[in-house]
Amino acid sequence: MREVSTEAKEFAGRFVAPCCWKESLAEHRSPEADQLRADIERRLRQGETAKAIENDLVAQYGERIFRVPRGGAGQTLFTVPLVALSLGGGALAWFLARRRAVAAAGEGTGVEPQNLPEFEEEE
């Protein structure tokens, strides 16, 4: 196996190896990944645009070939969990602060909790 050019390796790094769908195409070692990298390098040397190669890969393998989805989907995949964590953390902090404030308000007042009357159901 020969080494691919830096340009081809950087370009291939934008995609997932279609044989396992887990590892970067630039790093994955399999016959299919090796052949796809060689094909990408050949096409780039022949002057084909990266966009044309990208469109062919999407036509052959679908959008899941991208390591990071293109367009707004990639940004959404990264921002939604961060926003959810921030909101959850804020809600938890508010809840704990509120609980501490209620507990502190009841301490040292000398007031004992009162027994509330029980309600009887009508028959």
Side-chain angles (χ1 to χ4, degrees):
M1 178 185 85
R2 65 178 193 77
E3 193 64 33
V4 296
S5 71
T6 303
E7 179 187 13
K9 188 169 185 168
E10 287 176 8
F11 183 73
R14 296 171 39 195
F15 305 101
V16 178
C19 48
C20 69
W21 300 106
K22 293 179 183 176
E23 202 173 0
S24 164
L25 179 60
E27 303 299 325
H28 189 66
R29 297 291 171 228
S30 72
E32 186 176 355
D34 292 341
Q35 197 231 341
L36 196 51
R37 278 191 303 274
D39 184 48
I40 287 171
E41 183 174 28
R42 178 187 53 78
R43 292 172 73 177
L44 287 172
R45 277 191 191 158
Q46 291 174 348
E48 199 167 340
T49 66
K51 190 67 174 167
I53 298 169
E54 183 178 287
N55 289 339
D56 284 348
L57 290 172
V58 170
Q60 186 174 1
Y61 299 106
E63 288 287 327
R64 75 186 273 195
I65 192 72
F66 289 105
R67 284 182 60 203
V68 176
R70 59 183 169 176
Q75 190 174 15
T76 302
L77 285 173
F78 292 118
T79 55
V80 168
L82 292 176
V83 169
L85 277 171
S86 298
L87 290 174
L92 180 62
W94 175 82
F95 174 76
L96 292 174
R98 179 98 171 116
R99 221 174 132 184
R100 284 189 194 120
V102 168
E107 288 179 6
T109 59
V111 178
E112 293 293 322
Q114 298 176 358
N115 291 331
L116 297 176
E118 293 185 25
F119 294 98
E120 296 179 14
E121 292 183 20
E122 292 182 25
E123 291 182 29

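Just so you know, these numbers use all the heavy atoms, side chains as well, and skip hydrogens, waters and symmetry mates.
In this structure, the side chain of R37 engages the main chain of L25 through a donor-acceptor pair within 3.5 Å. Between the side chain of R67 and the backbone N or O of G13 there is at least one donor-acceptor pair closer than 3.5 Å.
Between D34 and H28 the shortest heavy-atom distance is OD1-O, 4.3 Å. Taking both residues in full, the closest heavy atoms of K22 and V16 are given as N-CG1, 3.6 Å, listed atom of the first, atom of the second, then distance.
Residues L87 and L85 do not share a hydrophobic cluster, defined by chaining ILVMFWY side chains whose heavy atoms lie under 4.5 Å apart.
Atom CD of Q35 has 12 or fewer heavy atoms from other residues, nucleotides or ligands within 6.0 Å.
Of the options C19, C20, P18, a side-chain contact (heavy atoms from CB on, under 4.5 Å) to S30 is made by C19 and by none of the others. Of the residues listed (D56, L57, T49, N55), the one engaging I53 in a side-chain contact (heavy atoms from CB on, under 4.5 Å) is L57, and it is the only one.
Taking the side chain as every heavy atom from C-beta outward, E32 and L36 never approach each other to under 4.5 Å.
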Is there a side chain to side chain contact (heavy atoms under 4.5 Å, CB included) between E54 and K51 once you walk through the steps? CA-CA 5 Å; E54 183 178 287; K51 190 67 174 167; 3.3 Å; yes
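Classified by interplanar angle (parallel below 30°, tilted 30° to 60°, perpendicular above 60°), the ring pair Y61/W21 is perpendicular.
Interatomic distance, E48 CD to R42 CZ, rounded to the nearest 0.5 Å: 7.5 Å. Note that CZ of F15 is 6.0 Å distant from CD1 of I40, once rounded to the nearest 0.5 Å. Atom-to-atom distance recorded for K9:NZ and E41:CD is 11.5 Å, nearest 0.5 angstrom.
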